[in-house]
Amino acid sequence: MREKLIEEMVKEVYGPRNGALEEINDDPSKEYITGVIIPRKCRQTYPNPDSELEGALGEDSIVDDDEADEEILVFTPSEIDPQTKPRSFGISFVVEGEKPSFRICVTWGRYFRDEKNKVWKRKPYFAIKHISIDKRTDRITLYEDEDGEILLHMRSIQKDDNHNIIMVNILNDLNINSKNCYGKNLTEASIFQPSLRIKLDDGLKLSPIHIDDNEEKGEYLHFLYRNKPVLARGYMCSAIWDKIDYPERFRSRSFWADGHHFSECSEFMEVDVRSEFVPLYPDPSPVFEWENDKYEKSPVLSPLKLSEMWNEDEIDEYLSPLIEAYEKWIENNEDAIKAMENNGRNKARELITFQREALNRLRKGIDILKKDKDVRISFCFANRTIWLQSKWKKFTDFKWRPFQLAFILLNIESLYDENSRYRNSTDLLWVSTGGGKTEAYLAIMAFIMALRRRRARRGTVSNKTGGGTAIITRYTLRLLTIQQFRRTLRMVTAAEYLRVMKTDHGIGWRPEKCDIDDELMYGSMRFSAGMWVGSGVSPNHLRKKRGGIDALRGHDAYGEPAQITTCPSCGSWLSVPDSGLPEGKNTLYLVVRSSKNSDEINREILSHK
């Protein structure tokens with residue numbers, strides 16, 4: 001099933017969906033979103049009334065990439081714009097051997113409109129060349145006809161007597177009137193699904209691409225990924241080399257239709273390096289759960305149980321296993337250094353120093369929990385908030401992953417101490433989508449919200465209420481902003497629910513063993529969240545023309561004011577979305593203004609049944 005899903009995805013975005021000789025009804029420029037190389041002469045693409053393709057291309061000639069190291073000089077489009085389709089693509093790599101030479105296979109497809117049958121017909125092309133590097137630059141014609149050329153540009157830079165940097169680029173130089181770069185004209189002059197494949201001659205091999213050792217960050221990355229060398233780079237595409245190429249099961253016709261179509265290309269099914277527009281790389285999922293076979297006792301990972309942690313002995317019992325396991329992991333790393341070569345040993349020791357520093361921050365966080373009751377109850381409050389909002393989402397068995405709990409503890413000291421030197425540091429969670437970054441961030445938000453209120457109640461800060469803006473989050477996309485805002489709002493709603501909860505000891509939730517005597521534990525100001533986003537999503541004004549009120553009344557307005565469509569707690573509908581309510585039974589709660597009491601309103605509603 002996984003292989004089939006990947007295959008269908010590649011065919012959907014890259015193509016061709018129906019083989020090298022496919023016929024499709026719709027314009028391929030609209031159907032395929034990657035692997036489309038438009039003509040060099042198209043300095044700008046013009047919108048056509050019958051086409052959705054638009055963009056701007058401002059490159060007049062091939063230029064060298066202006067990055068610092070000479071080894072990566074290569075021509076690439078000068079405007080990297082999401083709406084811009086490239087006019088060239090290529091790869092670069094380092095060859096180890098005195099006289100580099102290789103065989104190269106280039107395939108591509110073009111689509112031509114059959115007006116009689118109202119379809120687009122694909123025509124495949126290929127070119128195979130043997131290249132010996134005997135000069136710095138070279139230009140080879142892969143295709144030449146009345147309608148223009150497809151060119152191969154190559155550049156070689158000698159690093160030393162035994163290493164050469166090779167850059168190979170394909171340029172679309174098909175003819176087109178620069179004022180007609182749209183619609184049918186542009187599609188027929190573009191090349192689709194191009195592939196560039198290289199087999200080195202005997203005695204030659206790829207060598208890792210150099211990383212600048214003068215950059216401190218580059219040194220660390222080079223050391224950490226020392227067993228995963230980079231052997232090629234792509235320009236306007238990805239580069240794939242033999243050691244990371246697709247497994248055999250992903251080498252069907254769908255992944256290289258033209259190679260299967262031309263028998264002459266069969267020897268290039270397995271190559272040393274090639275281009276790719278839809279790269280696949282197997283990346284094993286990290287181990288998120290506690291590894292009982294490596295470490296002894298597990299820390300308490302239940303936010304519900306952590307929310308009731310109060311005595312110092314409990315803090316040690318619940319959290320110290322995390323410290324002990326992390327220290328053991330560091331000690332294992334120190335043992336591994338002994339077997340390293342000298343050139344990597346110093347860098348490894350520096351990384352161990354960073355790990356020891358993180359360990360020290362974890363210890364400080366736990367020590368502060370012990371000595372400061374306001375920090376302790378804020379930590380408990382954050383855990384209770386996360387547990388409650390997870391319960392609302394029906395995740396009753398939610399547990400922290402060890403890295404999440406460690407991230408929270410790591411930041412306690414810098415959140416607690418305004419003079420902490422770590423306030424000048426950025427702590428980043430580097431975990432794949434779905435790994436749990438947001439929950440860790442939300443817990444830290446809830447922690448600082450509660451801590452500000454507790455300090456205000458103590459009178460230890462100038463802000464008498466602890467209110468005001470406590471957290472600012474920023475996202476790069478509007479849709480992501482809205483999605484994350486809804487997740488944040490659930491946490492804030494849970495925090496507000498706990499703030500106003502009535503207990504035997506006063507207003508505001510607290511652990512059963514809590515000995516803080518305060519009638520109003522988290523103050524009188526409500527916890528709330530706001531969203532600042534462009535008017536294309538939400539109106540910037542409430543009562544002005546085309547503002548929020550006009551939108552709610554069904555009039556023309558900028559954006560949609562009702563961004564929260566369901567209750568963060570129970571899921572009840574707060575606003576009917578534009579797509580309508582889902583099929584099945586839906587319960588709506590209406591708020592009405594009336595001089596009549598509830599019984600009179602009910603009778604009147606029932607009378608209209």
Side-chain angles (χ1 to χ4, degrees), residues 35 37 62 64-65 69-76 88-108 124-144 149-172 191 193-210 229-246 251 255-256 258-277 279:
I37 311 299
I62 297 174
D64 286 336
D65 192 335
D69 291 338
E70 187 183 24
E71 69 178 46
I72 53 175
L73 290 176
V74 66
F75 59 83
T76 59
S88 64
F89 76 100
I91 55 178
S92 67
F93 49 93
V94 177
V95 175
E96 182 177 334
E98 291 185 5
K99 295 182 178 180
S101 59
F102 51 84
R103 284 174 59 77
I104 183 170
C105 176
V106 183
T107 61
W108 67 94
Y125 298 82
F126 82 98
I128 296 176
K129 303 287 183 180
H130 184 270
I131 297 175
S132 296
I133 305 299
D134 52 12
K135 53 184 176 180
R136 281 178 55 86
T137 61
D138 200 2
R139 166 176 157 161
I140 299 171
T141 300
L142 301 177
Y143 167 87
E144 183 177 18
E149 297 176 314
I150 303 297
L151 302 173
L152 183 151
H153 284 260
M154 190 181 65
R155 184 175 181 184
S156 172
I157 301 175
Q158 187 172 5
K159 291 185 66 176
D160 54 44
D161 291 341
N162 204 42
H163 293 85
N164 286 268
I165 303 164
I166 310 297
M167 287 153 283
V168 181
N169 285 264
I170 308 299
L171 175 69
N172 179 356
I191 63 175
Q193 298 97 31
S195 181
L196 168 62
R197 293 170 175 253
I198 292 174
K199 292 190 72 171
L200 299 177
D201 287 348
D202 293 342
L204 302 174
K205 66 177 182 177
L206 296 177
S207 178
I209 290 180
H210 171 72
V230 175
L231 299 183
R233 284 177 174 164
Y235 298 92
M236 306 311 293
C237 66
S238 293
I240 303 292
W241 51 94
D242 56 349
K243 291 183 179 179
I244 64 167
D245 208 340
Y246 300 172
R251 299 182 185 180
F255 291 87
W256 191 29
D258 295 327
H260 286 273
H261 179 76
F262 295 111
S263 60
E264 296 89 338
C265 298
S266 59
E267 65 173 297
F268 293 91
M269 291 296 172
E270 295 185 9
V271 293
D272 293 292
V273 62
R274 65 180 179 85
S275 64
E276 181 56 69
F277 286 89

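Hydrogens, waters and symmetry mates play no part in the numbers below; they use all other heavy atoms, side chains included.
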Worksheet item: How are the rings of F262 and F126 set relative to one another: parallel (under 30°), tilted (30 to 60°) or perpendicular (over 60°)?
Response: tilted
Worksheet item: Going from CD1 on I191 to CG on N172, what distance comes out if it is rounded to the nearest 0.5 angstrom?
Response: 5.0 Å
Practice prompt. Can you see which heavy atom on E149 is nearest to which on R139, and at what distance?
Written response: OE1-NH2, 3.4 Å
Fill in: Spatial distance of atom SG (C105) from atom NZ (K199) [nearest 0.5 Å]
10.5 Å
Practice prompt. May I ask you to test the L151-T141 pair for a side-chain heavy-atom distance under 4.5 Å?
Written response: yes
Worksheet item: Does any N or O in the side chain of K129 come within less than 3.5 Å of the main-chain N or O of I140, such that one atom is a donor and the other an acceptor?
Response: no
Worksheet item: Distance from S263 atom OG to E267 atom CD, nearest 0.5 Å?
Response: 10.5 Å
Worksheet item: Within the side chain of S275, is there an N or O that forms a donor-acceptor pair under 3.5 Å with the backbone of L196?
Response: yes
Worksheet entry | Side chains of D161 and E98 in contact at under 4.5 Å (non-hydrogen atoms) | no
Worksheet item: So, do K159 and I165 sit near enough that their side-chain heavy atoms are less than 4.5 Å apart?
Response: yes
Practice prompt. Please report the C-alpha distance between I37 and M236 in whole Å, then the side-chain angles of each, then the deciding distance to 0.1 Å, and finally whether the side-chain contact (heavy atoms from CB on, under 4.5 Å) criterion is met.
Written response: CA-CA 10 Å; I37 311 299; M236 306 311 293; 6.0 Å; no
Worksheet entry | Euclidean distance, I240 CD1 relative to D272 CG, rounded to 0.5 Å | 13.5 Å
Discussion item. Testing the basics here: between W256 and F268, what is the closest heavy-atom pair and its distance to 0.1 Å?
Written reply: CZ3-O, 3.6 Å
Worksheet item: Are any non-hydrogen side-chain atoms of V230 and W241 less than 4.5 angstrom apart?
Response: yes
Worksheet item: With a 4.5 Å limit on heavy-atom distance, are the side chains of L231 and P208 in contact?
Response: yes
Practice prompt. Flag yes if more than 12 heavy atoms outside D202 fall under 6.0 Å of its CG atom; otherwise flag no.
Written response: no
Fill in: Taking every non-hydrogen atom, the tightest pair across N164 and S156
OD1-OG, 3.7 Å
Item to complete: Measure the shortest side-chain to side-chain distance between I150 and L171 over non-hydrogen atoms and say whether it is less than 4.5 angstrom.
Response: no
Worksheet item: When rounded to the nearest 0.5 angstrom, what is the spacing between CD in E276 and CZ in F255?
Response: 8.5 Å
Worksheet, complete the sentence: Note: I91 and S238 closest approach over all heavy atoms is CG2-O, 4.3 Å
Worksheet item: How far apart are the closest heavy atoms of Q193 and D258, and which atoms are they?
Response: O-OD2, 4.1 Å
Worksheet item: Within a strict 4.5 Å, meaning less than it, do heavy atoms of the M167 and M154 side chains meet?
Response: no
Discussion item. Do I198 and I104 have side chains that approach each other closer than 4.5 Å (heavy atoms only, starting at C-beta)?
Written reply: yes
Worksheet item: More than 12 heavy atoms of other residues, nucleotides or ligands under 6.0 Å from CD of E264: is that the case?
Response: yes
Worksheet item: Does any donor atom in the side chain of S101 or D201 lie under 3.5 Å from an acceptor atom in the other side chain?
Response: yes
Worksheet item: When rounded to the nearest 0.5 angstrom, what is the spacing between CG in D138 and NE2 in H153?
Response: 10.0 Å
Worksheet item: Looking at F102 and L200, what are the two nearest heavy atoms and their distance?
Response: CB-CA, 3.8 Å
